[in-house]
Amino acid sequence: MTTLRVITAVTFLAVALARAAQALPDPAPLDKITVTATRLEQGVFVVPYTTHVLERGDFIDLRAVRTLTDALSETPGVMVQKTSYGQASPFIRGFTGFRTLMLIDGIRLNNAVFREGPNQYWATVDLLTVDRLEIVKGPSSALYGSDAIGGTVNATTVRPQVRDLAGTSTETTGAPSLQNSMSGSGGFFRFSSAERSQVARGQFSVAAPHLGLLAGVTRKVFDDLRGGSVTGVQPGSGYREIDADVKMLFRPLKNLEIMSAYHRVRQDDVPRTHATIFGKPFAGTVPGNDLRRDLDQSRDLAYVQATLREPAAGLAKAHVSLSWHRQGEEQDRIRLNRRREITGFVDDQYGLLLNFESRSPFGTLCYGLEFYRDEVDSYGTDFAATGEARALPRGGVADDARYDLLGIYIQDQFRFGDRLEVTGGIRYSRAAATATRVDPDLTDAAVFGPLNKRSDAITASLRLRYDVARSWNVFGGLSQGFRAPNLSDYTSFELARSGERETPAPDLTPEKYLSCEIGTRARIASLRTEVYGALFHTIVGNQITRFPTGRLIAVEREVTKANIGDGYTRGIEMGALVQLGGGFSFFGNFSYVDGKVDTYLGNDLVREPTSRMQPATVHMGPRWHSKNARIWFEGSATFVRHQGRLSSGDSADTQRIPPGGTPGYSVYGMHGGWRMNRHVTLTAAVENLLNEDYRTHGSGINEPGINVVTSVQVAF
C-alpha cells in the first residue's frame, strides 16, 4: 500500500500537467459532443457521467492503432486483454465480455451467445469504418438495458457526404484531414514491423444533391507476432481478415434523413495460441497441449435508420432503426491425441429501436422502445484419430434456440435554478430464452431438458451536475445495472480458461448492480489546464459466477455457473491536459480498480479478488502540432504495476497468468504525422522503444516488441 500511495501521489502531481480527453489539435477536448451518455446531444464537459470521445484523428492520425480495442487502450479505466493477437476484449471499470455493451451506430453488438469473461467479438468491428468512439463509464442499463454494467461504447461509422443544391458538401467543414477525408474516395495502407502486417483499404464515394454513397473494402494480413527481447517470435499467432461495407444517406427533406448500411467481416483461422503447443511460456506460464485451436469468425450487419427532426410541436426528434445482425463462429480444435472437434454457431439477431426526444415544461424527455430477437443454430462434428466422424447434437450453445430482449425506457433532464441539472431515467426490461436441444451428450448420465426461461427487471438512474462555476462542475449519482442470463449462461458446453469444460446452468436469475459515482471537471484558464477526476463504487449482487464442480469430463475439469457472486468493484480515475503554448501540450491520466466477489472453493463460499482486475496504470507524455495542424508529434510513457491480486480462477489459468500474477512494465513510444496536402497524409511511429517483454494482465499472448508502424492515406 505504501508503494501505491507513492504512485498515486506522484501521479496526482503529474496529472496536474496532463489531459482529460485525447485529441491533439482540439483546444477544448471536453467540448466534444456525445450522444451515447444521455441519448441527447451534449458536450462531454456537461454530461453527468465519466465520458470520453475519441475521434478518427485520435486513433488513426495520431496513434495509428491496429484494432478497435487498441483504440480504447489509453482511455483511463480501460484495460485491453488479448486472448490472442486477433481476440481482444476491453475491461471497463473491472468488467468485460457480456458485462460491457458495444453498439455500432446505436445497434447492439452484444447478442445471446456472448461468452463470460474476455471474448473476441469486439475485434470483428473494422476500425477503418469507424468515425468516432463514445465511451460511457459505469452502469447505463436505464437507457440501454442488459449488459451495460462496466461501460457502454458506441462506434459511429463514417457517414457519406451529401451535397446541397449549390454543390457544396453538407457533411464536412474545416481544413482537410484524415478524420473527414475518409468520408470520400481514397485509399489507406498501414504496415507494422512487429508482425509484418499489411492493412489496406480502398473506398469510393458519390455525393449528389440529397444523396450520398460510400463503399469500401479492407484487407488485413498479420504474420506471427514478435514479442519483446526474451519472447521473440510467437509462432502460430498470425491470421487473415477481409471486410467490406456500403452505406447510403438519403436526405429528401432538410429535417429528414434515411441511412442504410451493410457491413461484412470475415476472419480466417484466428488462433488461440496459448492453448496450443506453439504457445511460448512467459514468467512461468504453461502452454496448452492442443495441436490446433483456430476460430473462423464472421459478422454481417444491415440496417435502415430514419431520423426526423422537429416533426411536430414539442417533439424535437424521432428516430427509428430496423436491423439484422448475423454473427457466426466455427472453432477447429485438434487435441494432442489427434482427436478433432469442430463446433460452431450462427446467431441471427433482428432489432427494432424507436427513440423520441421531446421538450416539455418538465424538461427534455427522451423515451422509446427496443426489441431484439436472436435465433441461434449450433452444430458440431467430432472426428476420431482414425478420421471417423460423428455428428454432435449441438455446438457450444443450445441448438434451435431463441432469445428475446425487450426494453421500454423514459428519461427526463431538467434544471433546478441556474446551477443544478438533474437527469433521471427508468427502464423496464424483459428477457425470454427458449431452446430445444440443450443436452450436449445424450449418452451420459446428466440430463438437460428443453429450456424455457423468463426474467424481467426495472432499472433506474439518477444523475446530477452542479455548476460550481462556468468552468467547473461536480457530477455524479446512482445508477442501477442489470444483466439477464443469455443462452451462453444457460446452455454453454464450451471450453473455458485453461483446460476447463463448462456445462449448462438452466436455473440462473438476473444479475443486479448499483453504482455510486462522484466526479469533477474543470478548466483552469490561468494555467491553460483541463482536469477531471472520478471515484466510483459498484455493489455487485447475484452475479453469475463460474466455479469448478470437482468432476472431470474426459480429462477436462468441469465448471458450471450459479448466482453466488455478491461483492463490489471500486476505483479512481483522473486525468488532465495542459496547453503549454506554441503548439505544445502535456497529457496524463491515472486509473486504479479494486474489487472482490463471492465464489465457491470446494464446498465453501469465499470472497476473493475479482478475476483479471486492472492493475494501477499511468499514461502520460508530451504533444506538439504546427500552427496549421499539418505536422504533429507525440511521445508517450505507460507505467503498469504488477498485478498479484488473483482469483482462484486466475491462479488456475496457467496458460495466461503467471504464478503470483502478471509482472508490471514500463513502455515508451513516439508517434508523428505529416499532412502533406489535402490529398496525402503520412504517419510513422516507433512503439515499445526499449523492446520491453510484457503482456497485458490476463492475456494469452505478449505485446509487440519494438515496432515500427507507418501509414499513408490518399484522398481523391
Side-chain angles (χ1 to χ4, degrees), residues 18-26 29 32 52-80 82 85 88 90 122-123 125-135 153 155 158 177-182 188-195 197 199 201 220 222 575 577 583 585-589 591 617-625 629-640 667-675 681-689 692 696 703-713:
R19 66 169 287 211
Q22 298 153 328
L24 173 67
D26 189 351
K32 290 182 178 180
H52 305 269
V53 175
L54 304 178
E55 305 282 4
R56 190 179 185 88
D58 300 329
F59 47 79
I60 298 294
D61 271 7
L62 186 59
R63 295 173 51 209
V65 301
R66 189 178 67 93
T67 65
L68 181 142
T69 49
D70 286 338
L72 304 174
S73 63
E74 294 182 0
T75 304
V78 178
M79 179 186 76
V80 177
K82 295 179 181 176
Y85 205 47
W122 289 40
V125 180
D126 181 9
L127 183 66
L128 293 178
T129 65
V130 175
D131 185 59
R132 71 198 319 250
L133 294 165
E134 298 182 12
I135 306 108
V153 177
V158 178
S177 69
L178 178 62
Q179 184 172 319
N180 58 43
S181 62
M182 282 302 285
F188 176 84
F189 181 80
R190 177 187 185 273
F191 174 80
S192 172
S193 66
E195 77 284 8
S197 67
V199 177
R201 177 173 174 82
K220 306 176 183 180
F222 302 103
L577 168 67
S585 60
F586 193 85
F587 67 90
N589 56 65
S591 57
T617 302
V618 176
H619 181 71
M620 61 177 62
R623 283 179 179 160
W624 174 83
H625 64 90
R630 291 180 59 181
I631 302 174
W632 59 90
F633 169 82
E634 175 189 277
S636 65
T638 302
F639 307 98
V640 178
V667 179
Y668 307 89
M670 298 186 299
H671 300 79
W674 176 28
R675 188 168 294 112
T681 300
L682 305 175
T683 68
V686 183
E687 301 173 340
N688 195 359
L689 286 165
E692 178 90 356
T696 305
E703 292 294 319
I706 187 168
N707 188 20
V708 178
V709 182
T710 59
S711 73
V712 58
Q713 188 231 317

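On a predicted model such as this, the values are computed, not experimentally measured, just so you know.
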Is a donor on one side and an acceptor on the other found under 3.5 Å between the side chain of Arg66 and the backbone of Val199?
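Not at all, since once roles are kept as given, no pair shorter than 3.5 Å links the two residues.
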
On a heavy-atom basis, which atom in [X] and which in [Y] lie closest, and how many Å separate them?
X: Leu62; Y: His671; value: O-CB, 3.2 Å
X: Pro704; Y: Tyr85; value: CG-OH, 3.9 Å
X: Leu127; Y: Ala71; value: CD1-CB, 4.3 Å
X: Asn688; Y: Val667; value: CA-CG1, 3.8 Å
X: Ala88; Y: Trp122; value: O-CB, 4.4 Å
X: Val78; Y: Pro90; value: CG1-CB, 4.1 Å

In the structure I gave you, are the side-chain heavy atoms of [X] and [Y] within less than 4.5 Å of one another anywhere?
X: Ile135; Y: Leu72; value: yes
X: Asp58; Y: His52; value: no
X: Glu692; Y: Tyr668; value: no
X: Arg201; Y: Asp126; value: yes
X: Trp624; Y: Glu634; value: no
X: Val709; Y: Ser193; value: no
X: Leu128; Y: Arg190; value: no

Please determine whether a side-chain nitrogen of the Lys or Arg among Glu74 and Arg63 lies less than 4.0 Å from a carboxylate oxygen of the Asp or Glu.
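Arg63 and Glu74: salt-bridged.
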
Answer yes when Lys32 and Glu134 have at least one side-chain N-carboxylate O distance shorter than 4.0 Å, and no when they do not.
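Judged by the 4.0 Å cut-off on N to carboxylate O distance, Lys32 and Glu134 do not form a salt bridge.
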
Could you walk me through whether Val618 and Asn589 pass side-chain contact (heavy atoms from CB on, under 4.5 Å), step by step?
CA-CA 6 Å; Val618 176; Asn589 56 65; over 6 Å; no

A cation-pi test, strictly: NZ or CZ of Arg623 under 6.0 Å from the centre of the six-membered ring of Phe633 and no more than 45 degrees from its axis. Yes or no?
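Not flagged: Arg623 not positioned over aromatic ring of Phe633.
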
Does Arg132 make a cation-pi contact with Phe59 (under 6.0 Å, within 45 degrees of the axis)?
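Not satisfied by the 6.0 Å and 45° rule.
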
State, without any angle test, whether Asp70 and Thr67 hold a side-chain donor-acceptor pair at a distance under 3.5 Å.
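Side chains of Asp70 and Thr67: pair found under 3.5 Å.
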
Donor-acceptor side-chain pairing of Asp61 and Thr683 below 3.5 angstrom
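Side chains of Asp61 and Thr683: no pair found under 3.5 Å.
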
Apply side-chain contact (heavy atoms from CB on, under 4.5 Å) to Thr638 and Met620, showing your working.
CA-CA 7 Å; Thr638 302; Met620 61 177 62; over 6 Å; no

Under the criterion side-chain contact (heavy atoms from CB on, under 4.5 Å), I'd like the reasoning laid out for Phe188 against Val712: C-alpha separation, chi angles, the key distance, then a yes or no.
CA-CA 6 Å; Phe188 176 84; Val712 58; over 6 Å; no

Steps toward side-chain contact (heavy atoms from CB on, under 4.5 Å) verdict (Thr696, Glu703):
CA-CA 7 Å; Thr696 305; Glu703 292 294 319; 3.6 Å; yes

Hey, what do you get for [atom1] ([X]) to [atom2] ([Y]), rounding to the nearest 0.5 Å?
X: Met670; Y: Ser636; atom1: CE; atom2: OG; answer: 9.5 Å
X: Phe222; Y: Ser192; atom1: CZ; atom2: OG; answer: 8.5 Å
X: Ile706; Y: Glu687; atom1: CD1; atom2: CD; answer: 10.5 Å

Aromatic contact between Phe639 and His619, with the criterion being ring centroids under 6.0 Å apart: yes or no?
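Distance test on ring centres: not under 6.0 Å, no.
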
Out of the candidates Leu54, Val125, Thr75, Leu133, only one should pair with Val153 under the side-chain contact (heavy atoms from CB on, under 4.5 Å) rule; please name it.
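One option only clears the test, and that one is Leu133.
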
